[in-house]
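Below is one structure, written out as structure tokens; the observations come after it.
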Amino acid sequence: MALRKYFKRHNIHAILDEFALGRISPMIILYLPLDERPCNLDYPQQIARLQPQLQLNVPPHELLGRKKQAANIAGLSAWLTEQSSAAQVAIVSLEMLVYGGLLPSRLHHETTETLLSRLHLLRALKSSHPNLTILASTLIMRTPRYSSSEEEPDYYGQWGEQIFTWGWLTDKAEREGLTAAEQAQLAEINGILPIEYLTDYRDRRAQNLQVNQAAIALVKLGVIDFLAIPQDDCARYGFTALDQQKIGQQIRRDRLQSRIQLYPGADEVGCTLLARAYGLLSGERRKVFVLYSAVGSQQIVPLYEDRPIGESVKAHILAAGAQRVSDPQAADFILAVNTAGQVMQEAWDQESKDITYSSYRNLNAFVAQLGDECAAGRKVAVADVAFANGGETELIHLLDDARLLDRLIAYGGWNTNCNTIGSVLATGILGVNGASSPLQHNLMAHLLEDGLYQAIVRQDVIRDVLPQINASYYDFQGQTEAIAQEIARRLLIALRANVKSSFQAVEVHNLLIQLPWQRMFEIGIRFELSAL
């Protein structure tokens with residue numbers, strides 16, 4: 001509480017000075033990420049830099065895995081054990097601790113006993129350091145509705161759609177019954193889907209469910225202080241919904257609803273738990289006012305998720321340790337959620353927007369209100385979830401024309417709705433009184449990656465560049481460096497073309513692009529932001 005009172009009395013520059021002189025003890029947080037991609041490893045570190053007294057310790061990169069290659073679990077366990085004596089909080093991805101990463105959790109051939117034994121480390125940490133707060137995350141294993149082995153077992157490349165549909169129809173049959181056409185579809189799938197593939201898939205899901213249930217038991221025992229259970233690519237029926245139902249029953253039976261949150265998401269969970277850790281250590285529970293871009297925003301069920309946006313926003317605010325308020329004047333910041341009007345599309349399809357983006361939403365009014373809030377001195381964080389997998393170009397243009405882009409405390413528009421909601425919330429929570437230079441850097445990073453790469457540049461490179469060098473979305477044919485350089489070149493062009501009024505006092509230099517999983521889906525981004 002003393003630190004909380006100190007924040008209220010002093011500005012960020014005073015805090016920086018005091019911290020440099022050693023008069024403020026650092027907040028030390030250990031962070032074991034979901035995997036090694038930038039969204040899981042870099043984003044939380046970028047957010048942590050907003051608070052100079054916060055020290056986020058991450059494992060050595062050589063201990064982490066690479067895509068389908070599992071991490072060095074023994075090495076990571078030793079790192080956690082060694083580092084825990086000096087830390088106040090440990091944020092632990094159970095996918096990393098138990099399986100060696102996100103994709104290994106979908107591909108492993110470990111015994112159930114081996115998997116469960118790896119959770120014993122958390123008991124040991126809590127026993128040795130009773131005051132260590134453990135914030136953990138574990139995912140409900142996803143079931144993509146398409147056939148691809150990029151992130152799934154090899155057989156999913158041919159049979160993924162059938163496995164998803166089998167799960168969907170089997171679950172729906174139990175809960176509601178099937179139409180004659182659906183019964184015929186299920187019979188057809190049963191006739192062609194190799195039983196060994198379905199068995200392998202179901203067995204691994206069963207193991208992962210047991211790990212999730214064991215994690216819930218550790219919450220009940222007080223080993224894990226808070227558990228986030230995001231759902232990756234979830235749907236109304238099917239394998240993921242069945243597991244969600246079982247997990248929900250266990251949480252309710254053990255009356256753990258206040259210590260376990262279950263909601264859509266995945267790659268943002270490190271950011272969410274960082275925000276929660278910061279709130280615990282600072283004694284500050286941020287108050288958030290939510291402003292939506294359309295009257296029907298809260299009722300839209302986004303692509304790749306199973307519930308209305310309004311319900312997911314509530315869950316993410318709670319998981320991040322914040323509080324929703326009904327009066328913007330009482331809020332620490334405004335979470336401005338830009339949604340579709342009614343029908344949500346992919347960001348690459350913005351040239352042919354559904355008419356409801358205009359008829360069920362007034363984007364001009366939304367931006368005008370954001371301008372009024374900024375003019376009144378209130379802090380604004382924008383979650384741009386009108387499209388999946390990228391920001392909305394029209395919103396960026398309107399914010400830029402209103403000279404608001406560089407006045408925000410956060411912007412995001414990446415991947416799924418909840419990926420964006422969680423990371424923007426976390427940035428807002430730490431960024432309300434955060435250092436200005438890291439804040440501007442974070443803003444520019446997400447503008448470049450979410451608003452420009454994902455929505456514009458990625459498709460341009462796929463269309464214009466990859467065919468010329470005989471490369472493809474998932475196969476760069478040894479041309480990784482050339483592709484990265486072309487992405488960087490086009491990003492700077494896109495920045496100049498789309499951002500004309502904001503960020504006039506700074507300039508992007510030394511822009512470097514990484515392609516961590518050798519595919520076009522995500523990038524790592526490094527740059528310097530210098531004053532003009």
Under the ring pair (Phe, Tyr, Trp, His ring centres under 6.0 Å) rule, collect the residues that match up with F333, sequence neighbours excluded. none

Given side chains that start at C-beta, do those of [X] and [Y] come closer than 4.5 Å, heavy atoms only?
X: Q244; Y: D306; result: yes
X: V424; Y: W414; result: no
X: D401; Y: V367; result: no
X: E311; Y: Y263; result: no
X: L102; Y: R37; result: yes
X: D384; Y: D450; result: no
X: R259; Y: L227; result: no
X: M444; Y: L495; result: yes

Taking [Y]'s backbone N and O only, do any of them form a donor-acceptor pair with [X]'s side chain (distance below 3.5 Å, no angle check)?
X: T420; Y: N417; value: no
X: Q51; Y: L430; value: yes
X: Q350; Y: T393; value: yes
X: H316; Y: P264; value: yes
X: H441; Y: F527; value: yes
X: E95; Y: L139; value: yes
X: K379; Y: V432; value: yes
X: R458; Y: E522; value: no
X: E152; Y: S148; value: no
X: R145; Y: T165; value: no

Run the numbers on T427 and H446 for side-chain contact (heavy atoms from CB on, under 4.5 Å), then give the verdict. CA-CA 11 Å; T427 307; H446 280 282; 5.6 Å; no

From [X] [atom1] over to [Y] [atom2], what is the distance, rounded to the nearest 0.5 angstrom?
X: L370; Y: L399; atom1: CG; atom2: CG; value: 6.5 Å
X: F366; Y: T339; atom1: CZ; atom2: OG1; value: 8.0 Å
X: L94; Y: N212; atom1: CG; atom2: CG; value: 8.0 Å
X: C271; Y: Y31; atom1: SG; atom2: OH; value: 6.5 Å
X: C418; Y: L425; atom1: SG; atom2: CG; value: 10.0 Å
X: Q261; Y: Q257; atom1: CD; atom2: CD; value: 9.5 Å

What pair of heavy atoms forms the shortest contact from [X] to [Y], and how long is it?
X: P230; Y: A266; value: CB-N, 3.7 Å
X: G160; Y: S147; value: N-OG, 3.3 Å
X: L273; Y: L135; value: O-CD1, 3.6 Å
X: I429; Y: A275; value: CD1-CB, 3.8 Å
X: R175; Y: R236; value: NH2-O, 2.7 Å
X: E373; Y: P328; value: OE1-CB, 4.3 Å

If you measure only the distance, is there a donor-acceptor pair under 3.5 Å linking the side chains of [X] and [Y]?
X: D349; Y: S352; value: yes
X: N40; Y: D35; value: yes
X: Q454; Y: N389; value: no

Please check if atom [atom1] in [X] has more than 12 non-hydrogen atoms from other residues, nucleotides or ligands closer than 6.0 Å.
X: E176; atom1: CD; value: yes
X: R255; atom1: CZ; value: no
X: Q249; atom1: CD; value: yes
X: I355; atom1: CD1; value: no

From CA spacing to verdict: side-chain contact (heavy atoms from CB on, under 4.5 Å), Y43, D267: CA-CA 10 Å; Y43 287 7; D267 290 324; over 6 Å; no

Show your reasoning for whether side-chain contact (heavy atoms from CB on, under 4.5 Å) applies to M27 and S282. CA-CA 9 Å; M27 302 175 179; S282 67; 3.9 Å; yes

Among I224, D225, I251, which residue satisfies the side chain to side chain contact (heavy atoms under 4.5 Å, CB included) criterion with V219? I224

Working for salt bridge (charged side-chain N to carboxylate O under 4.0 Å, His left out), residues R526 and D42: CA-CA 10 Å; R526 298 282 188 276; D42 294 351; 3.1 Å; yes

With a 4.0 Å cut-off, would you call K67 and E150 a salt bridge? yes

Would you call E392-R361 a salt bridge at under 4.0 Å N-O? yes

Angle class for the F387/Y357 ring planes (parallel below 30°, perpendicular above 60°, tilted otherwise)? parallel

Intermediate values then yes/no, side-chain contact (heavy atoms from CB on, under 4.5 Å), L443 and F503: CA-CA 10 Å; L443 263 175; F503 295 101; 4.2 Å; yes

